[in-house]
Asks: 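Quick one: structure below, then a few questions.
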Amino acid sequence: MNQNKKLWGGRFYQKTHPLFEKFNNSLQEDYFLAKYDILGSIAWSKSLLECNILTGDEQHKIEYALKKILKIVDRNPIIMLDSTVEDIHSWVELKLINLVGHLGKKLHTGRSRNDQVTTSLKLWCKYIINELIFYLKKLQYTLILQAEISSAYIMPGYTHLQRAQPITFAYWCLAYIEMLQRDENRLKDALLRLNISPLGSGALSGTFCNINRDRLALNMGFYSSTQNSLDAVSDRDYVLELLSISSISMMHLSRLSEDLIFFNSGEVNFIELSDYVTSGSSLMPQKKNPDALELIRGKTGTVYGCLMSMLVVLKGLPLSYNKDMQEDKKILFSAIDNWIMCLKMTSLVIKTIKINQDVCLTSAKKGYANSTELTEYLVNKGVTFREAHFIVGKIVLEAIKKKCTLEDLSLNCFKKYHQAFQNDLYKKLNIFMCINSKNSTGGVSSHQVLNRILQVKRNLYSN
Ligand code: ARG
C-alpha cells in the first residue's frame, strides 16, 4: 500500500511489510461502522467550529462532503471493501480529503482513532439494539399467536424430563415470552450505559480543543459524555454486555429448540415441524430432521465462544487503548449476526409448527400427572400433606402394577388406602380440573393464561 494512504507514516523510513499490512488492517471487519464514523465526524466538525479550528465555511464544506460520502455508503454499504486502506476511519478521512482536498486534513485535529473507534462502535451498538428489540418483539408476537391458538391444547409439563403435571401448549409459549421479555429489558438497560459519548477523549488523556463535550454528545444522540479519557478509550464493557445478553438470549433459544426437538421426535410426536425448516437424509429416505432447531442450539455455542473470546482479549490489557481491542468488532458482529438469524429462524419454526393435539392430551393423561391433585384432595379432607403424599405414592404403585390410570381405579380400591376418599375424587382427577385449579397469578389455568396473553399483547403493541 502506498504510504500516503496511511494516516501516519511521517516517522517511518521503511514501508510496512505486506504481510504485516494484511495482518494489521481491519477494514474488512470494521467497514460496517462507516455510517457511524461519518456521523461522529460531522459532529466533531461542529465542535471544531465551536473552538475556532474550522471557520463556518470550512465546517460547511466538510459537513457537505461527509454527507455525500454517507449517501455513497448508504447506496452501497460494501463499496469500501476493495480498498486497501487500514480501517474504516482511514477510509472515510481519505475519501473526505479526496473530495475537499487539503481542508479535509483538518478534521482529525484534537481527535484520535482511539476515541473515534469506540464512538463509532457505541453508535452502532445503539442502532443494533433497536434492531434486536424489534426481532425479539417479533418472536414474542409469533409465540403469542401460537399461544392463542393452543390455549386449550393440554400436554404434559416436565421436570427431570419426567411427566410432572399437565400444562397447555399456550403456557409453554408464554414461558418463552417471559424469557424474551427479560432479554429485551436487558438490552434496554444496556442502552443506558451506551448513551455516554467517548468522543473528545483524544488518544487517552482528553483533547486540547476547547469544546463542549456534552453538546458534542447530544449532537450524536448520546445523553452525556465520559468522565475519564483513560477509561473511555479502553472501555469495551458495552461490547461484553451485548455479548453476554446475546449469550443469555441464545441460551433461551437453545432451550426452546431442545424442547421442540424433543416434542418433534418420533417417540413423543407432540408436534410436527414444517417442511420449511427441516431437511432430509442423503441416505435414509424416511428422515425429516429438525436442522433449523439443531443449528440454533449449535450456534448458541458459537455465540458463547464470542463472549469468552472477548473476555479473554480484554483480560490483562494495560490501560489504555491496545491494538488487541481491534478484535472486538469481528467478535461482536459475528455474535449479533448469529443471534438475529436465530431469532428470525425461531419465529419461522414457531409460525409453521403443527401441534398434534390428541397425542399431547393422551400423553398428559399418562404418567400419573394428576397425582398431585389426589394429594391435594386428601389434604382438603384433613390428612397431613406428608401422609397424603405417601398414600398417593402407594396408589400410583398399584395403578402401575395394574397398567391403568389413577382414574381407572375403583372407589373401593382408593378406600383401601384411606377412608376419606369419596366419589368426588374422580372430578379432582379430571385433567381439565387439574389445569384450572392452578388459578393464582402465574398458574396454568385457562383464566390465568388468557389474562397473560392479553397483558403481553397490550405490552407488545404499546412499546
Ligand atoms: N482500527 C482500530 C480498532 O479498530 C482503531 C485504530 C486505533 N489505532 C491506533 N493506532 N491507535 O481498534
Side-chain angles (χ1 to χ4, degrees), residues 26 28-33 35-37 87-88 114-139 176 179-198 222 226 231-258 295-317 319-346:
S26 60
Q28 303 297 321
E29 288 149 24
D30 57 24
Y31 71 94
F32 66 93
L33 295 179
K35 177 175 174 185
Y36 304 96
D37 183 82
D87 57 20
I88 191 60
N114 298 353
D115 59 350
Q116 198 180 348
V117 66
T118 185
T119 303
S120 308
L121 191 55
K122 274 192 162 180
L123 286 171
W124 180 80
C125 287
K126 278 171 47 142
Y127 148 77
I128 207 69
I129 282 184
N130 284 318
E131 289 283 292
L132 287 162
I133 289 176
F134 171 81
Y135 287 114
L136 281 167
K137 278 192 189 300
K138 230 174 147 178
L139 178 53
Y176 282 99
M179 298 176 222
L180 296 167
Q181 281 185 358
R182 289 199 295 273
D183 296 338
E184 191 184 321
N185 289 337
R186 267 185 276 272
L187 285 174
K188 288 177 180 161
D189 290 347
L191 260 185
L192 293 177
R193 282 171 296 281
L194 262 173
N195 261 321
I196 306 174
S197 161
F222 290 106
T226 52
D231 167 55
V233 295
S234 54
D235 168 28
R236 293 295 183 274
D237 292 4
Y238 60 96
V239 175
L240 288 174
E241 263 192 84
L242 252 182
L243 288 171
S244 96
I245 299 169
S246 314
S247 299
I248 294 173
S249 183
M250 285 295 294
M251 176 270 290
H252 294 149
L253 299 184
S254 183
R255 293 182 78 171
L256 178 148
S257 299
E258 176 55 25
L295 277 168
I296 293 168
R297 204 173 50 184
K299 285 174 192 296
T300 302
T302 307
V303 172
Y304 289 1
C306 292
L307 172 62
M308 277 306 129
S309 304
M310 198 61 219
L311 282 167
V312 177
V313 165
L314 293 172
K315 176 185 176 297
L317 286 189
L319 288 182
S320 57
Y321 178 84
N322 298 273
K323 200 58 173 269
D324 316 42
M325 285 151 73
Q326 179 164 285
E327 292 293 301
D328 59 0
K329 285 162 289 289
K330 187 170 45 185
I331 296 172
L332 181 61
F333 195 81
S334 148
I336 301 287
D337 196 38
N338 275 317
W339 185 13
I340 290 181
M341 265 198 302
C342 290
L343 285 169
K344 286 186 189 169
M345 192 48 65
T346 310

Asks: Hey, are the side chains of Leu136 and Ser249 touching, using non-hydrogen atoms and a 4.5 Å cut-off?
Replies: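 Yes, close enough: below the 4.5 Å cut-off.
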
Asks: So do Ile129 and Ile245 actually touch side chain to side chain, heavy atoms under 4.5 Å?
Replies: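 No, every pair of side-chain atoms sits at 4.5 Å or beyond.
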
Asks: Between atom CG of Asn322 and atom OG of Ser320, what is the distance when rounded to the nearest 0.5 Å?
Replies: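 If I round to the nearest 0.5 Å, the distance is 7.0 Å.
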
Asks: To the nearest 0.5 Å, what is the distance between CG on Asp37 and CD1 on Ile88?
Replies: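 Result: 6.5 Å between the selected atoms.
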
Asks: Please answer whether the main-chain N or O of Arg255 pairs with a side-chain N or O of Tyr176 as donor and acceptor at a distance below 3.5 Å.
Replies: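 Checked: pair present.
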
Asks: Can you tell if the side chain of Pro198 reaches within under 4.5 Å of the side chain of Val233, non-hydrogen atoms only?
Replies: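 No - every pair of side-chain heavy atoms lies 4.5 Å or more apart.
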
Asks: Quick one: closest heavy-atom pair of Ile196 and Thr226, and the distance?
Replies: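 Looks like CG2-N, 3.5 Å.
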
Asks: Give every residue pair that meets the salt bridge (Lys or Arg N to Asp or Glu O under 4.0 Å) criterion with at least one member in residues 326-346, sequence neighbours excluded.
Replies: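 Pairs touching residues 326-346 that pass the test: Glu29-Lys330, Arg236-Asp328, Glu327-Lys330.
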
Asks: Please check if the side chain of Asp30 supplies one atom and the backbone of Asp87 the other of a donor-acceptor pair under 3.5 Å.
Replies: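 Not at all, since once roles are kept as given, no pair shorter than 3.5 Å links the two residues.
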
Asks: Could you measure the distance from the SG atom of Cys342 to the CG atom of Leu256? Nearest 0.5 Å is fine.
Replies: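 So the gap between those two atoms works out to 11.0 Å.
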
Asks: How long is the straight-line distance from CE of Met341 back to CG of Leu295, given to the nearest 0.5 Å?
Replies: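 Taking CG in Leu295 and CE in Met341, the distance rounds to 9.0 Å.
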
Asks: List the atom pairs, with distances to 0.1 Å, where a side-chain N or O of residues 300-315 and a protein N or O form a donor-acceptor pair under 3.5 Å, not counting sequence neighbours.
Replies:
unit_1, atom_1, unit_2, atom_2, d
Thr300, OG1, Met250, O, 3.3
Thr300, OG1, Ile296, O, 2.8
Ser309, OG, Gly305, O, 2.8

Asks: Do the non-hydrogen side-chain atoms of Ile340 and Ile128 ever get within less than 4.5 Å of each other?
Replies: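 Yes - at least one pair of side-chain heavy atoms lies under 4.5 Å apart.
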
Asks: Taking the six-membered ring for Trp, are Phe32 and Trp124 parallel (under 30°), tilted (30 to 60°) or perpendicular (over 60°)?
Replies: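 Because their plane-to-plane angle is over 60°, the rings of Phe32 and Trp124 count as perpendicular.
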
Asks: Between Asp189 and Arg186 (salt bridge meaning N to carboxylate O under 4.0 Å), is one present in this structure?
Replies: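 No.
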
Asks: If every non-hydrogen atom of Ser246 is compared with every non-hydrogen atom of Trp339, which pair is closest and at what distance?
Replies: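 Shortest heavy-atom contact: OG-CE3, 3.4 Å.
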
Asks: Above 12 or not: heavy atoms from other molecules or residues under 6.0 Å from CE of Met325?
Replies: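 More than 12 within 6.0 Å, yes.
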
Asks: Work out which heavy atom in Ser257 is nearest to a heavy atom in Arg297; give both atom names and the distance.
Replies: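 Smallest heavy-atom distance, with atoms named: OG-N, 4.4 Å.
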
Asks: Can you find a heavy atom in the side chain of Leu253 that is under 4.5 Å from one in the side chain of Leu180?
Replies: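 A side-chain contact exists here, since the closest heavy-atom pair is under 4.5 Å.
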
Asks: Hey, are the side chains of Lys188 and Ile133 touching, using non-hydrogen atoms and a 4.5 Å cut-off?
Replies: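 The answer is yes, as the side chains (C-beta and beyond) meet within the 4.5 Å cut-off.
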
Asks: Within this structure, what is the CG-CZ distance for the pair Leu139 and Phe134, rounded to the nearest 0.5 Å?
Replies: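 CZ of Phe134 is found 12.0 Å from CG of Leu139.
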
Asks: Is Ser197 close to Lys122 at the side-chain level, that is, under 4.5 Å between some pair of heavy atoms?
Replies: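 The answer is no, as the side chains (C-beta and beyond) never meet within the 4.5 Å cut-off.
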
Asks: So, Thr118 versus Tyr321: side-chain donor-acceptor pair below 3.5 Å or not?
Replies: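 No donor-acceptor contact under 3.5 Å links the two side chains.
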
Asks: Think Lys126 forms a cation-pi with Phe222, using NZ or CZ under 6.0 Å from the six-ring centre and within 45 degrees of its axis?
Replies: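 Flagged: Lys126 positioned over aromatic ring of Phe222.
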
Asks: How many angstroms lie between CD1 in Ile336 and CG in Leu132, if you round to the nearest 0.5 Å?
Replies: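 Separation between the atoms: 5.0 Å.
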
Asks: Got a sec, which pairs hit salt bridge (Lys or Arg N to Asp or Glu O under 4.0 Å) with one end in residues 240-249, sequence neighbours left out?
Replies: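 Of all non-adjacent pairs touching residues 240-249, those that pass salt bridge (Lys or Arg N to Asp or Glu O under 4.0 Å) are Arg193-Glu241.
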
Asks: State, yes or no, whether a side-chain contact exists between His252 and Ile248 at a heavy-atom distance under 4.5 Å.
Replies: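 Yes. Closest side-chain heavy atoms under 4.5 Å.
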
Asks: Determine, step by step, whether Ser234 and Leu317 satisfy the side chain to side chain contact (heavy atoms under 4.5 Å, CB included) criterion, reporting the C-alpha distance in whole Å, the side-chain angles of both residues, the deciding distance to 0.1 Å, and the verdict.
Replies: CA-CA 9 Å; Ser234 54; Leu317 286 189; over 6 Å; no

Asks: Look at the side chain of Asp235 and the backbone N and O of Asp237, then say whether any donor-acceptor pair between them is shorter than 3.5 Å.
Replies: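 It does hold such a pair.
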
Asks: Can you see which heavy atom on Leu243 is nearest to which on Ala335, and at what distance?
Replies: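 Closest heavy-atom pair between Leu243 and Ala335: CD2-CB, 3.4 Å.
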
